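Before any comments, here is the structure.
Bear in mind the structure is a predicted one, so any value in this text is a computation, not a measurement.
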Amino acid sequence: MKILLVTPFITTGAKFGNFVHTGGGVAVRYENYEKQLKAAGHETRVLCPDRRTVDTWVLKDSGYITSNCMKGYPINALTPSNILRLVHCFRWCDVVVCPENEHMMSLAFFSKVFRKRMVINVHTNVHQMLSTRPTTLPIFNFVYHQFLRTALCSSRVKCYTVSETNGKLLRENGVEVSGVYELNTREEEVEHFTEKDKQQLRQHLAPGVPKSTPVILFAGRWLEEKRVHRLVSTLPSSAALVIVGDGPLDMTHYNNNNIFVHKGFLPNDKIYACFLAVDWVANASDFETFGNTSYEANSVGVPCILQPAGGHLSQISNPGTNGHFVDFDRPDEEVRSHLESFVHSPPSSEIVKMNIVRKSDAVTILDVIDPASFPKKPHEMPFESKGGDEVFRRGVLIARYAIFETVFKFAILFVGCLFNVIVVGTVAALGGVTQIKADSYQDRLIRVKMHKKRKRDKIISFLRKTGKQEVQVERIKGAKIKEIVRDDQEGEFR
């Protein structure tokens, strides 16, 4: 099956007001989706507004899907080049998987025109985002959910989200949610991590901190909505805080005797190792639809400290087992006292793993693209009998489908698409947003060529570092060594 993955963008500088930046953990989820689809034998392509979003996982040593990564997803406006790119992508694929966005109605319209199935994944706690502008909250709340409801009027479009809390919120606003994802964890990344390794990494993260001092970790993007400053200001004097990540905000000025800041994002194996090297993983954000890092920490037996809001509410069912809720909105002294009451006695790894809140009816990306999740329409079902009543009933169903599905719903989605093209584009233009043009076929060829050269240089560099200067690489194609011969006369690479 051919799957088109539409990814969010994270580093284009776009944001809602001064509060919300886009992307983050959603991009990581789409990396996992792509890997699961590849492993199941599906063919994938990635479409994004800015290649920087997926460069972190597309341009890896394995090099998978590099040539299939395309730029041109219309975040700001449906420019002619972006429309042509969408037409090309929808003609190629069988299923489209995309995050919620301001062009949902347009994508649903393309889905209907090209008769392709589409999955909309809702990752953002839009209510918290909209609450940053209380005067316009009712208007934008209605518009956002109306966008979703309009896109979902097509029977070819389904909606999924990442937490039961957000799913309930969407249903209360008239949005039909077909299921909830469960995060795919990677405990195997650290299955050979020894106790000695843990202590060495702990000393690297928090140098000079005694083993008896509890270490709390925040790992993620340095953004306003993460509220890292609340972790800093309420930290008990008898504990240490480690901050790992990167982002628009500067956290390095927090460095002091019991706060340690490490700038830079870490790959999965290293971040999971960091979980094992600390006592707690904390998140003071009241914005999360689902806390990815806290759930991943739980998967390797490390408890979490969470703000009781949003998707966090569905992650701890029995406080004290896999973590604690702490209301960081309360005065500093109260929060500090609450943390002091339990931070020195974390639950054991076994208790944490036993009490992870798992979803009994969780879905995976393989479930949502399954044709069975898009049941046949009544008029497409086989005849139950050959009598005249069955023929008449089938005729009524076909007529109803022709009127409501083909004409009425098509008209609704067409109007929604026009709204996206005209209104959203105009708002973006008035706001001074620079439009992102789709890349060309030549752009992609140049990118792939540069990536192959980068991989070839890495292989040569590795061979040099391992002392194999006498090895001559005869042929490297696609960054894979096809033939290696020893050359004792010349210790050089050609």
Side-chain angles (χ1 to χ4, degrees), residues 18-21 24-25 125 128 201-202 204-210 213-266 271 274-298 302-313 315-316 319-320 322-347 352:
N18 294 316
F19 188 70
V20 181
H21 296 253
N125 185 343
Q128 184 66 26
L201 181 55
R202 181 186 178 96
H204 171 73
L205 293 173
V209 173
T213 300
V215 177
I216 303 170
L217 170 70
F218 168 82
R221 300 184 71 219
W222 296 350
L223 302 174
E224 185 72 26
E225 62 266 27
K226 299 298 183 181
R227 306 205 305 175
V228 181
H229 65 282
R230 294 300 298 148
L231 295 175
V232 172
S233 60
T234 60
L235 179 68
S237 57
S238 60
L241 174 65
V242 174
I243 302 172
V244 176
D246 203 346
L249 299 182
D250 182 20
M251 300 288 174
T252 55
H253 65 278
Y254 287 132
N255 262 314
N256 63 29
N257 294 333
N258 64 338
I259 300 177
F260 307 89
V261 181
H262 300 268
K263 186 172 183 178
F265 290 117
L266 299 177
I271 196 63
C274 288
F275 293 152
L276 291 174
V278 300
D279 302 292
W280 299 89
V281 171
N283 192 338
S285 171
D286 59 355
F287 185 80
E288 304 299 314
T289 310
F290 186 82
N292 289 358
T293 53
S294 53
Y295 187 82
E296 290 173 317
N298 279 177
V302 179
C304 55
I305 301 171
L306 301 177
Q307 171 74 19
H312 287 165
L313 293 171
Q315 291 184 251
I316 300 177
N322 66 318
H324 285 270
F325 284 128
V326 175
D327 188 356
F328 287 91
D329 290 328
R330 300 190 68 80
D332 289 1
E333 285 302 322
E334 289 187 29
V335 177
R336 196 175 293 115
S337 176
H338 187 186
L339 289 170
E340 191 76 49
S341 67
F342 66 79
V343 77
H344 290 273
S345 54
V352 171

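Across all their heavy atoms, Gly245 and Trp222 have their closest contact at O-CZ2, 3.1 Å. Residues Val244 and Gly264 share a closest heavy-atom pair of CG1-O, 3.9 Å. Of all heavy-atom pairs between Pro319 and Phe325, the closest is CG-CD1, 4.4 Å. Contact detail for Arg336 and Pro236: the closest heavy-atom pair is CG-CA, 3.8 Å.
For Glu334, the salt bridge (Lys or Arg N to Asp or Glu O under 4.0 Å) criterion is met by Arg330, not counting sequence neighbours. The ring pair (Phe, Tyr, Trp, His ring centres under 6.0 Å) check on Phe275 picks up Tyr272, with sequence neighbours excluded. With sequence neighbours excluded, the residues satisfying salt bridge (Lys or Arg N to Asp or Glu O under 4.0 Å) with Asp329 are Arg227. Judged as a side-chain contact (heavy atoms from CB on, under 4.5 Å), and not counting sequence neighbours, the contacts of Pro210 are Ser212, Thr213. In terms of the ring pair (Phe, Tyr, Trp, His ring centres under 6.0 Å) criterion, Phe218 has no residue partners (sequence neighbours excluded). In terms of the side-chain contact (heavy atoms from CB on, under 4.5 Å) criterion, Ser345 has no residue partners (sequence neighbours excluded). Residues forming a side-chain hydrogen bond (donor to acceptor under 3.5 Å, both in side chains) with Asp327 (at least two apart in sequence, or on another chain): Gln307. Take Asn256 and apply the side-chain contact (heavy atoms from CB on, under 4.5 Å) test, not counting sequence neighbours, and it matches Asn258, Ile259. Checked against side-chain contact (heavy atoms from CB on, under 4.5 Å), Ser341 has the following partners two or more places apart in sequence or in another chain: His338. For Asp250, the side-chain hydrogen bond (donor to acceptor under 3.5 Å, both in side chains) partners at least two apart in sequence or on another chain are Thr252.
Listed by first and then second residue, the ring-ring contact (aromatic ring centres under 6.0 Å, His included) pairs involving residues 223-262 are His204-His262 (not counting sequence neighbours). Within the structure, salt bridge (Lys or Arg N to Asp or Glu O under 4.0 Å) pairs that include any residue of residues 230-245 comprise Arg230-Asp332 (at least two apart or interchain).
Taking CG from Asp286 and CG from Leu306, the interatomic distance works out to 12.5 Å, rounded to the nearest 0.5 Å. Phe328 contributes atom CZ, which lies 5.0 Å from atom CG of Leu231 (distance to the nearest 0.5 angstrom). Rounding to the nearest 0.5 Å gives a distance of 5.5 Å between CG of Leu235 and CG of Leu241. Distance check: Leu217 CG to Ile271 CD1 gives 6.0 Å after rounding to the nearest 0.5 Å. Atom CD1 of Ile305 is separated from atom NE2 of His324 by 8.0 Å, given to the nearest 0.5 angstrom. Here the CG-CG distance, from Asp246 to Leu249, works out to 10.5 Å after rounding to the nearest 0.5 Å.
Cys304 places a side-chain heavy atom less than 4.5 Å from the side chain of Asn298. With a 4.5 Å cut-off on side-chain heavy atoms, Val343 and Pro214 count as touching. Residues Val352 and Val302 are not in side-chain contact: their nearest non-hydrogen atoms beyond the backbone lie 4.5 Å or more apart.
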